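Just so you know, these numbers come straight off a predicted model, no measurement behind them. Counting from 1, the numbers follow the sequence of the chain as shown.
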Amino acid sequence: MRQLKARDVAPYLFIAPFFVLFLVFGLFPLGFSIWLSLHQWDPAAGLAAMRWVGLENYGYALTDPWFHKSLYNTLWFAIVSGLPQHLLALPLAYFINRRLKRTRNAVVGAYFLPYITSSVAIALIFSTLLSKDYGVINAVLAELTRVPLLGTLMPAESIDWLGQAAYTKPAVAFVVFWRFLGWNVVLYLSALQVIDKDLFEAATLDGAGEWQQFRYITLPLLKPMMFFAVTLTLIGNLQLFEEPFILVDIEKGVSQSVMTTAIFMYRLAFSDGDFGTASAVSWLLFIVIAVLTWLNSRLFGRQVGGEHAAR
């Protein structure tokens, strides 16, 4: 057998830390969560207290009305806060790319700043802005009541944005939308900047207007980036946790209106001590994310395929 030399072993030693960390903090928690979802376990009693229950945790979660409620809230936030992100980010990125030159970086940086800011800090700031008694938003609405005609459309009393279910969900959705809008603007802007400018110049010479160039040149070439951006929004919004958890007091009944599946999973594990069902819920959420991502892939794949066939 050939004797191993130091230079033969060195590459493996250099990459070993990555694989060790990935095994300990990646694969092991993943495998353990699958195993845990098939057991009933009290962590305080140690690993010896794990009791095999098979698929009972999954059956219990699927029949739990609170799981259905949390899944509905999660999908509601994914649509209401996610869809406007792209409907606004795409034309905004197009405008920045075509119209702004000197101030482009500053404007993009301003939009991107909320994304890199701590979600806890953002939630705390908005909890102050949305305060019923001392919030800036209610103060502005109170001032608008003095404006003729417009004042009749304003509420007569301060709105409890984070204390009434009718207002709490839209308020949280707006915070999520505001935070991730800049991220999508950057994604679309990066894709717009690699489109060959000769295409727009040729279209202009042929008499194509701004809208026609956007419709027939920009949108088709942005389909791959649109798929990527929408996929990230789906995955992120379906795992929504920080904003509703921090903005809405967990002790209030209204917190149920913003209880996402991630929050429901957290409560099962750390409030009820049911780690087995919480693990089962996490894998059910994974299945939902996988299915919606696959549908999104099929949707964009068909669109791109149909355009190529037409050409």
Side-chain angles (χ1 to χ4, degrees), residues 1-55 57-58 61 74 109 112-122 179-180 182-184 186-187 190-191 193-194 224-225 227-243 245-246 260-270 273-294 296-297 300-301:
M1 181 179 294
R2 185 173 66 89
Q3 187 176 4
L4 292 177
K5 298 180 180 180
R7 64 181 181 181
D8 296 327
V9 180
Y12 299 98
L13 292 178
F14 281 118
I15 65 174
F18 165 78
F19 285 104
V20 171
L21 292 174
F22 180 69
L23 177 65
V24 175
F25 298 103
L27 287 181
F28 172 74
L30 190 66
F32 185 73
S33 67
I34 298 176
W35 182 250
L36 183 58
S37 69
L38 304 174
H39 290 76
Q40 189 177 48
W41 181 46
D42 179 10
L47 292 176
M50 296 183 70
R51 183 171 65 86
W52 175 269
V53 294
L55 298 176
N57 289 330
Y58 291 90
T74 301
F112 191 68
L113 184 61
Y115 177 76
I116 61 176
T117 303
S118 169
S119 58
V120 176
I122 290 175
R179 185 187 177 199
F180 291 98
W183 165 249
N184 289 291
V186 171
L187 288 180
S190 64
Q193 290 177 340
V194 299
M225 179 56 74
F227 165 69
F228 177 70
V230 171
T231 300
L232 290 182
T233 299
L234 276 175
I235 295 174
N237 283 12
L238 291 175
Q239 299 180 83
L240 187 64
F241 180 83
E242 294 96 338
E243 287 81 1
F245 185 80
I246 299 172
T260 62
T261 304
I263 294 178
F264 176 65
M265 178 174 58
Y266 171 86
R267 291 181 179 178
L268 281 174
F270 297 101
D274 191 353
F275 282 82
T277 305
S279 296
V281 169
S282 70
W283 283 101
L284 291 174
L285 180 60
F286 167 77
I287 294 174
V288 172
I289 294 174
V291 170
L292 292 179
T293 302
W294 177 79
N296 181 49
S297 175
F300 278 92

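Residues meeting the side-chain hydrogen bond (donor to acceptor under 3.5 Å, both in side chains) test with T231, sequence neighbours left out: N296. Residues meeting the ring-ring contact (aromatic ring centres under 6.0 Å, His included) test with W294, sequence neighbours left out: none. Y266 pairs by the side-chain hydrogen bond (donor to acceptor under 3.5 Å, both in side chains) definition with nothing, not counting sequence neighbours.
For the pair L38/L55, a side-chain contact is recorded, criterion being any heavy-atom separation below 4.5 Å from C-beta on. Counting heavy atoms from C-beta on, the side chains of H39 and S279 never come closer than 4.5 Å. Between I289 and Q239 the shortest side-chain heavy-atom distance falls below 4.5 Å.
Atoms CG and OG1, on L234 and T293 in that order, are 5.5 Å from each other to the nearest 0.5 Å. Annotation: the span from N57 atom CG to W283 atom CH2 amounts to 14.5 Å, rounded to 0.5 Å. The OG1 atom of T277 lies 13.5 Å from the CH2 atom of W41; values are rounded to the nearest 0.5 Å. Interatomic distance, F28 CZ to F22 CZ, rounded to the nearest 0.5 Å: 14.0 Å. Distance check: F275 CZ to L36 CG gives 8.0 Å after rounding to the nearest 0.5 Å. Within the model, atoms CD1 of I287 and CG of L292 stand 12.0 Å from one another, a figure rounded to the nearest 0.5 Å.
The nearest pair of heavy atoms linking V24 to P29 is O-CD, 3.2 Å. Contact record, L268 with A278: CB-CB, 4.0 Å, taken as the closest heavy-atom pair. Between Y58 and S37, the shortest heavy-atom contact is OH-OG, 2.8 Å.
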| field | Derivation of the side-chain contact (heavy atoms from CB on, under 4.5 Å) call for F300 and V230 | value | CA-CA 10 Å; F300 278 92; V230 171; 4.2 Å; yes
| CA sep, side-chain torsions, deciding dist, call: L187, L232, side-chain contact (heavy atoms from CB on, under 4.5 Å) | CA-CA 11 Å; L187 288 180; L232 290 182; 4.3 Å; yes
| task | Could you walk me through whether W35 and F32 pass the ring pair (Phe, Tyr, Trp, His ring centres under 6.0 Å) test, one step at a time? | result | CA-CA 5 Å; W35 182 250; F32 185 73; 8.7 Å; no
| Criterion side-chain contact (heavy atoms from CB on, under 4.5 Å) on F264 and T74, from CA distance to verdict | CA-CA 10 Å; F264 176 65; T74 301; over 6 Å; no
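Remark: F241 CZ is packed, more than 12 non-hydrogen atoms of other residues, nucleotides or ligands lying under 6.0 Å away.
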